[in-house]
Amino acid sequence: INKPFEKILIANRGEIACRIIRTCKDLGIKTVAVYSEVDANSKHVREADEKYLIGPAASKDSYLCMDKIIHVAQLSGAQAIHPGYGFLSENAKFADLVESSGLAFIGPSSGPMNAMGDKINSKRIAKAAGCFTIPGYEGEVLDSDHAVTLAKEVGYPVMIKASAGGGGKGMRVAYNDAEVREGFALSKAEALSSFGDDRMLIERFIEDPHHIEIQVLADTHGNVVAFPERECSVQRRNQKVIEESPSCLLTPKTRKLMQEQAIALCKATNYRSAGTVEMLADGKQNFYFLEMNTRLQVEHPVTELVTDEDLVYHMIMIAANRPLPDYLTAQPCLSAKGWSFESRVYAEDPLRSFLPSIGPLVTYREPESSEYKYEGYQTDTRNRSPIVRIDTGVFEGAEISVHYDPMISKLVTHANSREIAIETMERALDSYVIQGLSNNLCFLRSVFRNKVFRKGKYGTKFIAEQYSKGFIGEKLTESETFDLIAVAVGMQVAREQLILTSDHFKQDSSHDYDGQAEKSYVVQVLGPEESELYFVDMVNEDAVIVTIRSDKSNVQDIREIADLDWRIGDAIASAKFRVLNNTNDTDDEIEDPYSYRNTLVQFEGYSSRLGLQLRLSGSQKELVVMSPIQHSLSNHMLPIVAKDVSKYLLCPMPGTLISLNVSEGQFVEAGQQLAIVEAMKMQNVLRAAKSGVVKACRSKPGSHLKVDQIILEFASP
């Protein structure tokens with residue numbers, strides 16, 4: 001293939017910059033990275049052929065500085081600019097500036113971008129193009145009073161959202177007048193902060209819909225191709241968490257109708273490049289146009305894997321005025337080959353309401369990924385092995401900064417069936433090691449274990465309904481708990497003995513356990529809301545036989561460990577359990593009467609009580625393994641008393657105190673709004689947990705706060 005460009009500048013950072021670099025390298029195109037001061041050592045800077053500093057950490061002084069980026073492009077001799085997603089990717093002024101500077105913009109032109117970027121206008125255009133649209137007010141909402149009036153006319157519940165918004169920012173659902181007033185103010189402020197445009201619109205909120213989107217590609221020769229749909233209904237605060245393709249909901253007839261409407265919209269706006277038409281669908285196959293994102297989506301990898309097409313490659317070719325290949329344009333409504341999932345891995349704490357986490361990735365080990373190349377939609381992939389793909393912009397030792405999105409990576413799997421794609425994702429999540437800051441791996445694993453999700457019968461209320469009390473940790477089955485205890489005891493033996501054969505604990509090793517054929521332990525299993533005691537006996541025969549008995553239920557079970565592969569301190573322990581097969585076959589030639597199952601357990605460190613902090617299938621537990629004497633003595637230890645912080649309002653996340661809504665001496669009711677903290681450009685309302693009097697305001701608006709920093713102090717009752 002003749003190179004469309006010699007050099008491309010990537011006006012972005014993180015995983016998407018690395019993703020674009022990968023395709024450019026495949027094409028032999030040199031890449032130019034731009035970076036802020038805090039990103040000087042980042043992965044995208046390391047991987048690019050050239051790098052240029054464009055400003056300090058704040059996006060407005062670096063990644064959003066159009067003039068600086070254009071200057072670097074001209075200075076470096078780049079011929080085109082790819083904006084990635086976010087930042088300037090949907091900024092029509094930037095697209096015009098790039099092209100007026102004699103450079104190619106790898107994305108749509110400013111006309112369609114303006115038309116679709118304004119949600120008020122895009123809805124009118126979509127309706128005229130024949131798309132089904134959601135009932136609502138087709139104009140700008142003037143103020144909170146106007147918002148309440150419109151909400152009553154449209155009918156509750158309503159969605160309040162920014163006309164120029166995206167990514168879940170500047171959006172609120174309201175069920176009554178009071179929620180409209182509060183949601184309007186918060187969404188307007190978020191929209192101004194995130195997009196520099198605080199125009200708002202109101203439309204009917206479709207209860208528990210499916211969030212379905214159609215990926216499109218349009219060239220400059222009049223060709224438009226619609227890819228198979230992506231199901232993006234696993235959302236939290238309107239931000240996608242897990243995506244899959246295809247959707248379990250759609251029939252082939254509905255899918256094709258969605259694709260045809262997406263193609264019609266592209267033709268109506270003279271669209272070019274990659275884009276995504278987002279829709280809401282109910283359980284009866286009714287669907288409505290939501291918005292069009294005029295850029296490459298975060299979740300584009302699932303589409304690539306179910307079609308074997310490189311979307312970044314096509315964007316580059318389209319920007320060079322080359323037509324889409326004939327094999328795509330011959331059948332513009334594509335269907336999926338196999339099944340794909342994407343999990344968004346974030347630096348956030350699911351056990352603390354998903355609060356963002358910042359700091360270094362002390363330990364970072366990715367699951368084993370697959371080596372593959374895009375072969376094209378026409379290729380038969382039915383005999384292909386399952387795929388694991390990781391799109392990331394970090395590495396071990398890298399820092400997750402407060403200045404940018406807390407995404408660590410996108411973990412993507414593909415297989416010929418949904419069931420195998422899920423199993424592949426579960427294995428990948430189990431072997432993904434991230435230590436040093438909080439992350440959502442356990443929550444992701446919990447979702448893939450969820451019965452409703454596994455059946456594919458979920459909508460956008462999935463998280464709210466399945467985790468109505470928030471995420472409190474994944475509960476293990478009794479059998480899984482016994483597996484975890486057996487592994488913990490094996491680890492304890494390794495700690496005590498510093499087992500031979502390179503510190504491995506294996507049934508064929510020559511350890512004598514201090515000359516004992518049997519050892520006994522007491523194991524305390526601690527979870528977020530539970531504590532249980534187990535009595536364990538271990539015997540080393542042809543395998544390590546572990547007998548486990550629960551103190552509460554008196555249930556007893558046996559685990560036979562054929563192999564426990566773990567070096568002391570390693571993050572992953574691989575246990576091989578053996579099970580005697582049920583067979584009536586008495587043939588003496590049977591070599592092994594056992595079957596085996598492998599289990600991965602993550603070792604996350606030691607607790608203050610020297611307990612083992614372990615993770616199995618997304619469930620985090622602390623297991624304190626004691627000798628019977630240690631357990632007896634532990635009954636005489638004083639209990640740990642938790643510090644009482646109930647008289648303080650603490651900042652739940654690193655962020656900026658935007659407003660303080662109370663004053664010293666003021667009486668507040670339970671549930672009353674006290675303050676607003678902005679973190680990652682999202683505004684978070686902090687409310688009173690109980691009624692009381694404000695004794696002192698310990699932080700001022702505009703202050704940059706740390707986690708658990710005191711904002712308010714209440715008088716003692």
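If you read the sequence from its start, that first residue is 1, and numbering goes on from there.
Looking at heavy atoms from C-beta onward, S357 lies out of side-chain contact with D349 at the 4.5 angstrom threshold. Between V487 and T599, the closest side-chain pair of non-hydrogen atoms is not below 4.5 Å. Here the side chains of S409 and Y364 are in contact, with some heavy-atom distance below 4.5 Å. At a threshold of 4.5 Å between non-hydrogen side-chain atoms, the residues L411 and P367 count as touching. Residues I568 and M491 form no side-chain contact, since every pair of their non-hydrogen atoms from C-beta on lies 4.5 Å or further apart. Side-chain contact between L614 and F603 is present, with heavy atoms from C-beta onward closer than 4.5 Å. Residues Y521 and V493 have side chains in contact (heavy-atom distance under 4.5 Å, counting atoms from C-beta outward). Counting heavy atoms from C-beta on, the side chains of V555 and F482 come closer than 4.5 Å.
Salt bridge status for D310 with R19: present, with a side-chain N to carboxylate O gap under 4.0 Å. The pair R559-D557 meets the salt-bridge criterion, since a charged nitrogen lies less than 4.0 angstrom from a carboxylate oxygen. Between R365 and E396, at least one side-chain nitrogen of the basic residue sits less than 4.0 Å from a carboxylate oxygen of the acidic one, meeting the salt-bridge criterion. No salt bridge links E47 with K25; every basic N to acidic carboxylate O contact stays at or beyond 4.0 Å. Between D26 and K373, no side-chain nitrogen of the basic residue sits less than 4.0 Å from a carboxylate oxygen of the acidic one, so the salt-bridge criterion is not met. Remark: E474 engages R449 in a salt bridge, criterion side-chain N to carboxylate O under 4.0 Å.
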Subject >> side-chain contact (heavy atoms from CB on, under 4.5 Å) assessment of K621 paired with L616 >> reply: CA-CA 8 Å; K621 303 286 185 184; L616 171 63; over 6 Å; no
**OP:** Mind running side-chain contact (heavy atoms from CB on, under 4.5 Å) on V345 and I434 for me, showing each step along the way?
**Re:** CA-CA 10 Å; V345 181; I434 303 174; 3.7 Å; yes
Subject >> Residue pair Y372, S385: steps toward the side-chain contact (heavy atoms from CB on, under 4.5 Å) verdict >> reply: CA-CA 10 Å; Y372 72 96; S385 299; over 6 Å; no
Subject >> Check against side-chain contact (heavy atoms from CB on, under 4.5 Å), Q492 and M538 >> reply: CA-CA 12 Å; Q492 178 65 17; M538 174 184 284; over 6 Å; no
**OP:** Give the intermediate values and the outcome of side-chain hydrogen bond (donor to acceptor under 3.5 Å, both in side chains) for residues E622 and S607.
**Re:** CA-CA 8 Å; E622 178 185 344; S607 69; 2.6 Å; yes
Subject >> Working for side-chain hydrogen bond (donor to acceptor under 3.5 Å, both in side chains), residues E419 and S417 >> reply: CA-CA 5 Å; E419 181 181 15; S417 70; 5.2 Å; no
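Ring-centre distance between Y374 and Y377: not below the 6.0 Å cut-off. Aromatic pair F443/F448: centroids not less than 6.0 angstrom apart.
With hydrogens and angles disregarded, a donor-acceptor distance shorter than 3.5 Å links the side chain of E304 to the backbone of L311. A donor-acceptor pair under 3.5 Å links the side-chain atoms of T424 to the main chain of I420, judged by distance alone. Judged by distance alone, with hydrogens and angles left aside, the side-chain atoms of Q602 form a donor-acceptor pair with the main-chain N or O of D430 at under 3.5 Å. Checked by atom type and distance alone, the side chain of K552 never pairs as donor or acceptor with a backbone atom of E532 at under 3.5 Å. A donor-acceptor pair is defined here as one N or O able to donate and one able to accept, closer than 3.5 Å; no such pair exists between the side chain of S520 and the backbone of D537. The backbone N or O of Y313 sits nowhere less than 3.5 Å from a side-chain atom of T23 that would complete a donor-acceptor pair. Side chain of T392 to backbone of V394: a donor-acceptor contact under 3.5 angstrom is found. H210 places a side-chain N or O within donor-acceptor distance of the main-chain N or O of Y458, the cut-off being under 3.5 Å. At distances below 3.5 Å, not a single donor-acceptor pair connects side-chain atoms of S438 with backbone N or O atoms of E348. Side-chain N or O atoms of D708 include none that pairs as donor or acceptor with a backbone N or O of L650 at under 3.5 Å.
Here the closest heavy-atom approach between residue L437 and residue I358 is recorded as CD2-C, 4.0 Å. Here the closest heavy-atom approach between residue S245 and residue E229 is recorded as OG-O, 2.7 Å. Here the shortest heavy-atom pairing between P654 and P356 reads CD-O, 3.7 Å. Nearest heavy-atom pair, V707 versus P652, reported as atom, atom and distance to 0.1 Å: CG1-O, 4.2 Å. Pairing each heavy atom of C651 with each of K706, the nearest pair is CB-O, 3.5 Å. For the residue pair F462 and V447, the shortest heavy atom distance occurs at CE2-CG1, 3.8 Å.
Separating the OH atom in Y432 from the CG atom in N439 is a distance of 9.0 Å, to the nearest 0.5 Å. If you take CD1 on I572 and CH2 on W566, they are separated by 12.0 Å, rounding to the nearest 0.5 Å. Interatomic distance, CD1 of I212 versus CZ of R255, reported as 9.0 Å (0.5 Å rounding). For the atom pair I242 CD1 and I463 CD1, the distance stands at 7.5 Å (nearest 0.5 Å). Atom CG of D405 and atom OH of Y85 lie 7.0 Å apart (nearest 0.5 Å). Put simply, CG on N12 and CD1 on I20 are 6.5 Å apart, with the number rounded to the nearest 0.5 Å.
Residues satisfying the side chain to side chain donor-acceptor pair (under 3.5 Å) test with Q466, not counting sequence neighbours, are N450. R13 pairs by the salt bridge (Lys or Arg N to Asp or Glu O under 4.0 Å) definition with D39, not counting sequence neighbours.
In summary, of the residues considered (V523, T481, V489), a side-chain contact (heavy atoms from CB on, under 4.5 Å) with L623 occurs for V523 alone. Here the options are Q235, H300, R344, R230, the test is side chain to side chain donor-acceptor pair (under 3.5 Å), and the partner is E243; only R344 passes.
Between the side chains of T547 and Q556, no donor N or O sits under 3.5 Å from an acceptor N or O. Under the 3.5 Å distance criterion, with hydrogens and angles disregarded, a donor-acceptor pair is assigned to the side chains of E278 and Q297. Between the side chains of S431 and E368, not a single donor N or O lies within less than 3.5 Å of an accepting N or O. In summary, the side chains of E399 and S401 do not present any donor paired with an acceptor at a separation below 3.5 Å, with no hydrogens or angles considered.
For R236 and Y467, the positive end is not near the middle of the six-membered ring at less than 6.0 Å and at most 45° from its axis. In this structure, R418 satisfies the cation-pi test against F453, with its NZ or CZ atom closer than 6.0 Å to the six-membered ring centre and inside 45 degrees of the ring normal. Judged by the 6.0 Å distance and 45° axis criteria, K43 is not positioned over the aromatic ring of F395.
Classified by interplanar angle (parallel below 30°, tilted 30° to 60°, perpendicular above 60°), the ring pair F535/H631 is perpendicular.
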